[in-house]
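Let me begin by presenting the structure, written as structure tokens, before commenting on it.
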Amino acid sequence: MDALFLCKQWLDECRSSHFMCWRYDGEVTRLPTRLIDIGHSSPRLFRTDNHISTIDYATLSHCWGRTKFRTLTNEALDDFQKEIPPEALSKTFRDAIHIARFLGFEYIWIDSLCIIQDNAMDWAVESNMMSHVYKGAQLNIAATSAKDGRGGCFHRREKNWHCQIASKSGHIFGCYPTEFERMSSNRGGMIRNHHNYLQRRAWVLQERYLSRRTLHFAEGQVFWECDQNPASETYRRGYPSKPSARGVLLTDFNLKRRYLSKADWSLIVDQYSRGELTESQDKLVALGGLAKLIADTAHDEYVAGLWRSEIETELCWSCPGYLPGYINHGSRITPYVAPTWSWASISSHVSTAYRDPSTKLFIEVCDIQLESDHVIPPQFVSRFGRITRGVLAIRCDLLCAGLLRSSGRVDRPVRDVKWTFLPYPCDDKLDGTLLEEGKSHPFNVKLDCTTLEEWQDRLLYCLPIREPIYYINNRIDGLLIEPTGREQGQYQRVGYFQVEETKLKKEDRLAFLDMARRETLTTPEGRSNFVTVADNRHGELGYFINLV
Ligand SMILES: [Zn+2]
């Protein structure tokens with residue numbers, strides 16, 4: 001239990017002297033609609049109406065797990081306001097309440113007890129307020145090593161002995177037994193080695209980023225995370241600041257949260273897409289609070305996980321499944337959570353597009369239509385919540401049909417896939433005689449969620465998106481799309497491709513572009529696949545498609 005005294009010391013020091021951690025102080029934040037009053041012996045639900053934002057409260061980050069447990073429902077609302085029944089308080093909740101009380105809090109916010117779980121409207125409104133809930137809290141308590149409500153915050157652990165020796169000059173040296181030193185370097189200081197069940201939960205990412213300070217109750221020890229001086233029981237006064245190899249390893253709890261900006265979005269998506277969701281329908285919602293925070297400072301429009309001002313570039317995300325040694329186990333999430341052009345439509349880890357300011361674009365996104373959930377009233381509809389439809393109207397210079405043909409074994413992860421161009425008009429019932437010899441080009445293909453085997457010799461469309469002009473590794477990248485068959489000119493994304501100059505000679509890259517230009521739908525039959533053919537603003541012919 002002496003760890004809690006250390007926690008109190010960290011909290012007091014942070015609140016009183018860490019100027020870097022006062023970032024939300026003074027900012028008027030809305031209180032959560034409900035809090036749990038823990039000032040009495042039996043906790044009860046408390047409605048915060050008419051209370052101003054001066055109430056200090058803690059929040060809890062926890063894994064729901066697969067075991068069923070009692071949550072707040074419409075029916076239980078009155079009872080919960082009198083007293084939260086013991087069966088709704090799991091070990092994790094009881095531990096969190098104990099910690100919060102010890103640290104001097106009279107209120108705590110726990111999602112399953114403060115949001116009415118069987119009320120779609122309440123859930124939509126409250127999940128939309130998530131950024132306020134975590135930003136407004138003085139402390140976030142994370143049950144980091146608990147797989148579910150039975151895990152709790154406190155864990156049995158071996159006693160680690162150490163002593164301190166003071167030199168004449170006043171330097172203090174810590175001495176640890178060999179075993180403990182090994183533990184602290186390989187395990188003790190690094191949260192990821194502590195059965196970090198919480199980290200696998202996608203919701204937790206924004207809870208960590210939005211909270212001003214978090215106490216992680218991990219299996220081996222407690223970690224303190226704040227902007228100014230993250231610490232752990234091993235490093236009570238903070239991590240070694242020298243950028244030694246070991247120091248770098250130890251600082252994985254030093255999350256960059258201050259001045260979070262759009263430039264951090266790639267890293268956020270990278271981390272977020274590795275997380276797991278109990279409800280895959282929450283894919284965009286569980287990141288909404290963080291996106292809202294960035295949108296407020298970036299003055300950019302958030303579009304289903306991407307940003308409007310650079311949307312053409314951002315469309316070039318990929319599933320890293322086809323790198324040698326990796327298989328992509330992802331799938332397109334059903335029922336619908338996001339359009340195929342958004343990485344949020346995929347259940348697995350994704351890589352965002354690299355940025356290059358001097359990129360030549362072959363497409364222009366002219367219009368974006370997003371439709372949100374109709375369950376909630378219009379004033380609560382938000383671009384940061386669930387969406388039900390998303391259409392990009394794209395003007396493109398190049399779009400050409402072709403076949404994917406693997407040059408190696410199709411059941412293996414492949415990098416080199418041949419793309420074979422077809423003459424027009426093209427026919428779905430293709431035979432080899434239609435293919436022109438000598439017109440195939442190696443492609444680096446990353447399909448979104450299927451194996452190449454399924455796409456072998458299938459008719460797809462290649463949509464080149466951009467060509468970095470001064471990039472050291474000249475390349476062209478774009479999307480593989482196919483008609484939905486539902487509306488004329490409507491396509492869905494199936495994958496991503498790259499033509500790299502390191503694989504081709506420069507002339508070949510240019511030849512690829514020439515060919516793409518030549519083969520872009522030049523015949524009336526080919527054009528009929530498009531919605532419109534019109535002049536662009538430079539007086540050149542442009543083709544318009546819808547990507548859904
Ligand atoms: Zn601090």
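Both ligands and their constituent atoms are indexed starting at 1 by order of listing. Heavy atoms only: backbone and side chains are in, while hydrogens, waters and symmetry mates are out.
Within the protein, the number of N/O/S atoms found under 2.8 Å from the Zn ion (ligand 1) is 4.
Rounding to the nearest 0.5 Å places NZ of Lys262 at 11.5 Å from CG of Asp264.
Annotation: Tyr134 is not in aromatic contact with Tyr209 [ring centroid separation under 6.0 Å not met].
No donor-acceptor pair under 3.5 Å is formed between the side chain of Trp224 and the backbone N or O of Gly238. In this structure a side-chain-to-backbone donor-acceptor pair under 3.5 Å is missing from Ser211 to Thr214.
Legend: salt bridge (charged side-chain N to carboxylate O under 4.0 Å, His left out) pairs involving residues 103-113, not counting sequence neighbours, sorted by first then second residue: Asp111-Arg201.
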Worksheet item: Checking side chain to side chain contact (heavy atoms under 4.5 Å, CB included) for the pair Arg212/Asp227: CA distance, chi angles, key distance, verdict?
Response: CA-CA 8 Å; Arg212 58 185 98 190; Asp227 281 337; over 6 Å; no
